[in-house]
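In what follows, a single structure is set out as structure tokens and then discussed.
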Amino acid sequence: MATANPKINLSGLARRLVEDELLTDVDAERALEDARRKKIPFVTFLVENKIVGSRKIAWAAAQEFGVPILDIAAMDMEAAPIKLVDEKLVRLHHALPLFKRGNRLYVAVSDPTNLQALDEIKFHTGVNTDAILVEDDKLAKAIERAMEAHDSSMSQLLDEDLDNLSIESGDDDGASGEPASESDADDTPVVRFVNKVLLDAINKGASDIHFEPYEKMFRVRLRQDGILQEVASPPVNLAMRVVSRLKVMSRMDIAERRVPQDGRIKMTLSKNRSIDFRVNSCPTLFGEKVVLRILDPSSAKLGIDALGYEEQQKKLFLDAIHKPYGMVLVTGPTGSGKTVSLYTGLNILNTPDRNISTVEDPVEINLPGINQVNMNPKTGMTFASALRAFLRQDPDIVMVGEIRDLETAEIAIKAAQTGHLVLSTLHTNDAPQTLTRLVNMGVAPFNIASAVNLIIAQRLARRLCTHCKQPHDIPREALLEEGFTEQDMKGLKIFSAKGCDQCSDGYKGRVGIYQVMPVSEEMGRMIMSGGNSMELADQAAKEGVADLRRSGLRKVMEGLTSLEEINRITKD
């Protein structure tokens, strides 16, 4: 039985939870304080930290305050009056408008005692508000779906609006040249075609757009969930005009066709959402190929739970980035999600009491509150020179886009050894190889052992579509050969891709596969005694670090992806 503490004065939902023996009074007060400090709702704090289940909280609140409970999953959110309330208010108060009847607006909340939310919504909309209770985790998902649906509806413009999209040139130092001639700028069919390709890519969740000229054809491909797919094949005589339009949009020199160029485009879809494109042109045999990388700032704000870390891996990552000094390295091939992982960590660390500086090639996602620098070798702004400048500006946290040479590596490690937290990336196949790669670059083994705290190797696997994935029977012997253990076989259910109108070839979205390896004292000794990557990998396995293959098999066991997909991205 929870006993009341006379020194603690609880009210509202917290008191009810204590009375129902779902919390002790001490835990309730601590949770209230922690929620206030983190500036998140009390109910959200309880649910996210798995202190009390969202369903139990909802039932307790309904009985205490007489507010009806709604299963929001049964609601048709397309008809919800989302536009009535500003997105900032929705996210700030964790409150979502559901429907309007006359002069009353019914708002989904997980904490009916949050009268400030109802009052502010009433003030901004001019209509009376009534609370309807929804489980906190279901409400959070509904808010995200509603905001995404609203933004996508803003971007699905009519054909006549394709000419009038708000598109700005980036300010990359590499972009040069004068604006295009009026004939290029006013080439309406080409303008409309380019705008439509960009919008379609955003709506499909693509990461890259490829415009590729050949001798007798011109094709456009999108990289969706890591796989390239052809989406258009315009007449080959349009190739030069399309490329010119893209170069105009990204402030490149349209007269220069012999050397690669870099640029940037910013497309505003709605008041609350804009997308950046990193643009690169490269001369090929039959014209210039242009590739656009789609940079969605919202990807940095997904939160660590959306990336696919297992609980232990997540704890290791959070512990490492909250250390006052040392180095955290993220490794993997291009397009494996390294930047999103680093920015997710920076987003967690981005508080007013920390000085954070980054140098990248180029800056991909703009984060307010972080000092971001573009690498520019033409002006002498290299990773190494930027790092030296950062260390003279009283930094707490430094992020280096990539460690490519010995000079950058040595400065970064020196910073990690002198009271700074350093985040960076390397291109290696797995975590143990990262340590030997640093040795091969010429970094002293002692410095590696003393500076590097954590290494994360990662890949992105396509996520199975929840609407059409189907069970897949695989013989026991074949599963054992793939790497499953006898213990895994108990209750094992494997799914494979099928394909439906909700997905692409049976997959929708991606999930991270991680090898999260802390650098232990024993690994440090092995590095200093000249141990190779295979020996380090064996030691990591002894210490319970799952390799990429094992992490991938766990995602298969959880039904998140297929065995075929894990075989595609990992090798034994």
Side-chain angles (χ1 to χ4, degrees), residues 309 312-332 336 338-339 341-342 344-346 348-349 356-359 383-384 387 390-391 395-458 514-548:
Y309 284 96
Q312 180 61 18
Q313 293 175 336
K314 173 180 157 184
K315 183 179 183 303
L316 289 169
F317 180 41
L318 291 175
D319 288 347
I321 64 173
H322 281 101
K323 287 183 178 178
Y325 55 86
M327 181 180 281
V328 176
L329 293 172
V330 182
T331 181
S336 61
K338 300 188 298 296
T339 300
S341 286
L342 285 178
T344 300
L346 289 177
I348 294 169
L349 297 170
I356 304 176
S357 296
T358 76
V359 56
F383 283 131
L387 262 176
F390 290 166
L391 295 176
D396 296 304
I397 299 160
V398 172
M399 195 267 267
V400 187
E402 184 186 345
I403 294 177
R404 296 176 180 170
D405 53 53
L406 177 60
E407 184 182 17
T408 305
E410 287 183 333
I411 300 170
I413 282 179
K414 181 181 177 183
Q417 290 173 325
T418 54
H420 308 95
L421 178 66
V422 179
L423 310 179
S424 189
T425 70
L426 269 176
H427 285 279
T428 57
N429 289 326
D430 61 15
Q433 286 184 28
T434 304
L435 294 170
T436 52
R437 168 79 190 279
L438 288 170
V439 172
N440 292 339
M441 287 172 72
V443 180
F446 171 79
N447 286 333
I448 299 170
S450 62
V452 181
N453 291 338
L454 185 76
I455 301 172
I456 301 172
Q458 67 180 79
Y514 301 94
Q515 179 184 25
V516 181
M517 188 183 85
V519 180
S520 63
E521 290 184 10
E522 181 57 34
M523 285 186 192
R525 282 192 284 271
M526 291 175 72
I527 297 164
M528 288 187 283
S529 62
N532 59 38
S533 59
M534 292 179 67
E535 293 168 342
L536 288 165
D538 290 340
Q539 179 61 30
K542 287 178 187 174
E543 294 176 10
V545 176
D547 60 14
L548 284 166

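- Atom OG1 of residue Thr434 and atom CD1 of residue Ile448 lie 10.5 Å apart, to the nearest 0.5 angstrom.
- Ser424 pairs by the side-chain contact (heavy atoms from CB on, under 4.5 Å) definition with Leu329, Val400, Ile403, not counting sequence neighbours.
- Within the model, atoms OG1 of Thr358 and CD1 of Ile397 stand 11.5 Å from one another, a figure rounded to the nearest 0.5 Å.
- Annotation: side chain to side chain donor-acceptor pair (under 3.5 Å) contacts involving residues 402-417, sequence neighbours excluded, comprise Asp361-Arg404, Arg388-Glu407, Glu402-Arg404, Asp405-Thr408, Gln417-Asn447, Gln417-Ser450.
- When side chains are defined from C-beta on, Leu536 counts as touching Met523, because their heavy atoms get closer than 4.5 Å.
- When all heavy atoms are compared, the tightest approach of Gly332 to Lys338 is O-NZ, 3.0 Å.
- Ser520 and Glu543 make their closest contact through OG-OE2, 2.6 Å (heavy atoms, listed as atom of the first residue, atom of the second, distance).
- When every heavy atom of Gln515 is checked against every heavy atom of Ala546, the shortest pair comes out as CG-O, 3.3 Å.
- Atom CD1 of Ile455 sits about 8.5 Å away from atom CG of Leu426, to the nearest 0.5 Å.
- Met534 meets the side-chain contact (heavy atoms from CB on, under 4.5 Å) test with Asn532; sequence neighbours excluded.
- With sequence neighbours excluded, the residues that form a ring pair (Phe, Tyr, Trp, His ring centres under 6.0 Å) with Phe317 are Tyr309.
- Pro432 has its side chain out of reach of Asp538: every pair of non-hydrogen atoms, C-beta onward, lies at least 4.5 Å apart.
- Across every non-hydrogen atom of Val443 and Ala409, the tightest pair is CG2-CB, 3.7 Å.
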For residues 435-442, please give each side-chain donor-acceptor pair under 3.5 Å, one per line with the distance, not counting sequence neighbours.
residue: Thr436; atom: OG1; partner: Gln433; partner atom: O; Å: 3.0
residue: Arg437; atom: NH1; partner: His427; partner atom: O; Å: 3.3
residue: Asn440; atom: ND2; partner: Thr436; partner atom: O; Å: 3.3

side-chain hydrogen bond (donor to acceptor under 3.5 Å, both in side chains) evaluation trace for Gln539 with Glu535: CA-CA 6 Å; Gln539 179 61 30; Glu535 293 168 342; over 6 Å; no
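- A donor-acceptor contact shorter than 3.5 Å links the side chain of Asn453 to the backbone of Tyr325.
- For the atom pair CG (Asp430) and CD1 (Ile456), the distance works out to 14.0 Å, reported to the nearest 0.5 Å.
- Taking the side-chain contact (heavy atoms from CB on, under 4.5 Å) definition, one finds that Gln312 meets it with Lys315, Leu316, sequence neighbours left out.
- Counting all heavy atoms, side chain and backbone alike, Ala431 lies closest to Ala457 at N-CB, 3.6 Å.
- Atoms CD1 and CZ, on Ile527 and Phe446 in that order, are 11.5 Å from each other to the nearest 0.5 Å.
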side-chain contact (heavy atoms from CB on, under 4.5 Å) between Val422 and Leu387, worked out: CA-CA 10 Å; Val422 179; Leu387 262 176; 5.7 Å; no
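- Among all heavy-atom pairs drawn from Phe383 and Gly401, the shortest one is CE2-N, 3.9 Å.
- Note that CG of Asp396 and CG of Leu349 are 10.0 Å apart. Values are rounded to the nearest 0.5 Å.
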